[in-house]
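Everything on this sheet refers to the single structure shown next.
Each ligand, and each atom within it, is numbered from 1 in the order the structure gives.
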Amino acid sequence: MTPPVNELVDADRGYINPLVFTDQGVYEQELEQVFGRSWLFLAHGSQVPKRGDFIQTYMGEDPVLVVRQKDGSVKAFLNQCRHRGMRICRSDQGTSRTFTCSYHGWAYDLEGNLVNVPQEERAYRNEIDKSKWGALKVPRIAEYKGFYFGTWSADVPEFEDYLGDMAYYFDAVFGRWDNGVELVEGTSKWVIDCNWKFASEQFASDMYHAEVSHASALIALHEDPAFWAGTSHQTLMPGRQFGGNGHGSGSFWADSIGFSESMYNSPALSEWVTANADEALRNVSEQQLLKVAGHNTIFPNFSWLAGPATMRVWHPRGPGQIEVWAWTYVPKDAPDEVKAAYRRMTQRTFSPAGSFETDDGENWTEIQQVLRGWKARNNTFNAQMGLGHDERDVHGLPGRTSDALSESAARGFYQRWSDLMAGLSWSDIAELDAARQAKEALHQEVQEA
Ligand code: FES
Ligand code: FE
């Protein structure tokens with residue numbers, strides 16, 4: 001029997017019950033309580049640049065259509081026909097004036113309003129009130145620096161409050177160029193047989209695995225394989241981890257702005273970044289620019305890497321499977337040669353065939369396999385790294401930070417997951433967070449005394 005949901009995770013002590021990764025009942029509840037009550041990434045503006053452009057995506061398991069409207073705004077609605085539930089639109093992406101269901105032909109406009117019913121007079125005696133049978137609209141959409149997020153929930157705070165201190169890390173990457181970023185055309189999609197939280201949590205919190213899981217790839221990728229020999233890249237590049245509101249970010253610190261660019265083996269890219277450093281420094285601080293190669297997650301399932309220029313959504317597909325949708329993001333104003341260098345970097349590191357990506361996926365599927373055992377499922381996982389050693393106001397970084405080798409962000413991730421799964425309202429969560437922070441401040445004072 002599955003224990004009550006609020007007993008599955010003890011973030012204060014760093015305990016995780018593996019049933020959170022396997023149980024069908026937990027998963028069903030996640031779709032409603034977590035995915036139904038969080039801000040979810042829908043699309044980047046560059047994917048739907050013109051009026052009538054649309055793209056199909058998912059909010060949890062729910063298919064939605066994201067559509068650029070006639071007035072330039074972006075709206076989204078459930079891609080489900082109100083007649084018998086067929087997908088209203090079966091294309092992944094395109095441009096249209098209306099969407100016509102391929103089953104019986106009900107047609108919807110760009111906002112999802114039902115505008116045409118075939119044989120309306122004979123079949124419905126003109127008695128159907130079309131205004132009542134539009135597609136279900138995503139009631140709240142937020143645009144932040146060209147990225148669109150949506151939520152079904154009226155309760156969740158405004159997007160910028162939800163993002164909170166994580167905005168610092170988001171802006172560092174996506175907000176540094178005057179004209180922002182764009183996504184390289186083409187979405188890489190692949191399936192991994194693992195729970196979505198393995199991927200999402202790792203991108204929020206896990207710097208620890210890198211030099212073990214990616215040892216071979218790190219050596220193979222570097223121009224000078226001796227670079228890593230006999231040393232730990234984690235000590236070479238000290239970093240810090242941020243965790244807050246379920247989000248997480250971990251970054252190395254470079255000693256010069258050009259540092260990360262040396263990874264790309266592209267003089268054109270290095271030159272362009274250096275030549276445009278002033279522009280970046282107008283938009284973000286020097287410290288933000290120096291935090292490179294970072295891994296990041298906006299709770300619950302949107303992640304990016306700052307070095308390899310990949311961003312992705314981990315779409316859940318049952319407790320034991322995810323569908324990854326990944327893109328390369330590039331500075332919009334960069335010349336083609338520079339964009340190509342970013343693209344090559346993503347492809348060889350974090351893509352379905354990337355040398356790092358395959359390392360990560362193998363770990364997650366292996367764990368999921370082990371969890372088929374009943375003993376393995378009835379166990380406790382340790383998430384205690386760095387417990388009690390969080391700090392605030394270090395180097396002027398916002399929010400709660402710790403050494404890069406910590407599971408602080410993972411504990412924050414599971415704390416938020418657990419709050420939502422327990423059905424707490426977002427205002428209750430805010431009160432609890434304030435109390436948690438007060439407790440944490442007290443702990444810090446005692447430690448410093
Ligand atoms: Fe869409 Fe019948 S299911 S028209
Ligand atoms: Fe990894």
Worksheet item: For ligand 1, which atoms, with element, lie under 4.0 Å from some heavy atom of G105?
Response: 4 (S)
Worksheet item: Are any N, O or S atoms from D206 nearer to the Fe ion (ligand 2) than 2.8 Å?
Response: no
Fill in: Metal check, the Fe ion (ligand 2) vs H214 N/O/S, cut-off below 2.8 Å
yes
Worksheet item: Would you say the side chain of F147 lies within less than 4.5 Å of the side chain of M311, judging by non-hydrogen atoms?
Response: yes
Worksheet item: Where does the angle between the aromatic ring planes of F21 and F198 fall among parallel (under 30°), tilted (30 to 60°) and perpendicular (over 60°)?
Response: parallel
Practice prompt. Find all atoms of ligand 1 within a distance of less than 4.0 Å from any non-hydrogen atom belonging to W106, and give their numbers and elements.
Written response: 4 (S)
Worksheet item: What atoms in ligand 1 come closer than 4.0 Å to a heavy atom of C81?
Response: 1 (Fe), 3 (S), 4 (S)
Fill in: Main-chain N/O of S249 paired to N296 side chain as donor or acceptor, under 3.5 Å
no
Fill in: Protein contact of atom 3 (S) of ligand 1 - nearest heavy atom, named by residue and atom, plus distance
R84 N, 3.3 Å
Practice prompt. Provide the atom name of the closest N, O or S atom of H104 relative to atom 2 (Fe) of ligand 1.
Written response: ND1
Discussion item. Does atom CD (E337) have a neighbourhood of more than 12 heavy atoms from anything else shown, all under 6.0 Å?
Written reply: no
Worksheet item: Parallel, tilted or perpendicular: which fits the ring planes of W177 and W272, with parallel below 30° and perpendicular above 60°?
Response: tilted
Discussion item. Taking the ring of F170 and the ring of Y144, is the distance between their centroids below 6.0 Å?
Written reply: yes
Fill in: Of the N, O or S atoms in H83, the one nearest atom 2 (Fe) of ligand 1
ND1
Discussion item. Distance check below 2.8 Å: does C101 bring an N, O or S atom to atom 1 (Fe) of ligand 1?
Written reply: yes
Worksheet item: How are the rings of W106 and Y108 set relative to one another: parallel (under 30°), tilted (30 to 60°) or perpendicular (over 60°)?
Response: tilted
Practice prompt. Output the atom name for the N/O/S atom of H209 with the smallest distance to the Fe ion (ligand 2).
Written response: NE2
